[in-house]
Amino acid sequence: MDENLPGAPDTNDPATTARKIRQLDARSPRGLAHPLRMELLTALRRGGPATASQLASRLGESSGSTSYHLRQLAEYGFVEDAPEQGKGRERWWRSTHEGTDFGHELMGHQDPEVRGAADVFLHWDAHNHNRELTTWIATRADWSEEWISASDMSDFTLRLTPEQGGELSRRVHELIESYRRSAPPVDGDAETAQMRIHLHAFPQPES
């Protein structure tokens, strides 16, 4: 899993804790403040352990670049060695967590460096969401009618108080977690696929 949860409504939720979600502090965003590092972390969370060379081939980068940024991620505790994976001399890496919880307090942090690193993280996340969505639109004909019907691309405008907005986000998170807990096993009889779900909720000026 590769969830990024900017301002997740409830960081103390037992289901979230059980899934090893990394809660960022003021130092953590510096370790992610580079697009390639976030690409590497996402690749390890989705695809499992890999070497720098394998990741370089997958992402179209040099192995020297992926090796350097993997070491930076390790310094900040986002990845670690996976020695049980390899039998040769090449170093294997794995993600230390299944997702990242980006607290609201980091977006308004008094340290400009922390805010700058937070902005890099948030802009990459928004760009990645857009890339995933446009990829789906371009490739949806490759999927069955059932999966096309199961997809959704909607937006809504509601007039809410901050308290209602927070409650809405929490309830959506809880609903998503209920489906995660009841999901059929990957090796079962049911047809399954990884389904990406993006949640964007924010205030905007009156038009």
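A donor atom on one side chain and an acceptor atom on the other are not found under 3.5 Å apart for Thr135 and Arg196. Between the side chains of Glu191 and Trp147, at least one donor N or O sits under 3.5 Å from an acceptor N or O.
Looking only at distances, a side-chain donor or acceptor of Thr66 sits under 3.5 Å from a matching main-chain atom of Ala52. In terms of modelled atom types and a separation under 3.5 Å, the side chain of Ser67 and the main chain of Gly64 share no donor-acceptor contact. A donor-acceptor pair under 3.5 Å is formed between the side chain of Ser151 and the backbone N or O of Ile148. The backbone N or O of Asp25 sits less than 3.5 Å from a side-chain atom of Ser28, completing a donor-acceptor pair. A donor-acceptor distance shorter than 3.5 angstrom exists from the side chain of Thr96 to the backbone of Gly77, with no hydrogens or angles considered.
Atom CD of Gln194 has 12 or fewer neighbouring heavy atoms from other residues, nucleotides or ligands inside a 6.0 Å radius. Taking a 6.0 Å sphere around CH2 of Trp143, one finds it holds 12 or fewer heavy atoms contributed by other residues, nucleotides or ligands. Other residues, nucleotides and ligands contribute more than 12 heavy atoms inside 6.0 Å of the NE2 atom of His198. Surrounding CZ of Arg171 are at most 12 heavy atoms belonging to other residues, nucleotides or ligands under 6.0 Å away.
The pair Arg180-Glu177 counts as a salt bridge, with a side-chain nitrogen and a carboxylate oxygen less than 4.0 angstrom apart. Salt-bridge formation is detected for the pair Arg94/Glu80: a Lys NZ or Arg NE/NH1/NH2 atom is positioned less than 4.0 Å from an Asp or Glu carboxylate oxygen.
Put simply, the side chain of Trp93 reaches to within 4.5 Å of the side chain of Asp81, judged on heavy atoms. Between Met38 and Asn128, the closest side-chain pair of non-hydrogen atoms is not below 4.5 Å.
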task = Assess whether side-chain contact (heavy atoms from CB on, under 4.5 Å) is satisfied between Arg30 and Val114, documenting all intermediate values.
result = CA-CA 7 Å; Arg30 296 182 177 92; Val114 174; 3.7 Å; yes

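Contact record, Pro49 with Gln85: CB-CG, 3.6 Å, taken as the closest heavy-atom pair.
Cation-pi geometry between Arg22 and Phe78 is met: the NZ or CZ atom falls under 6.0 Å from the ring centre, inside 45° of the normal.
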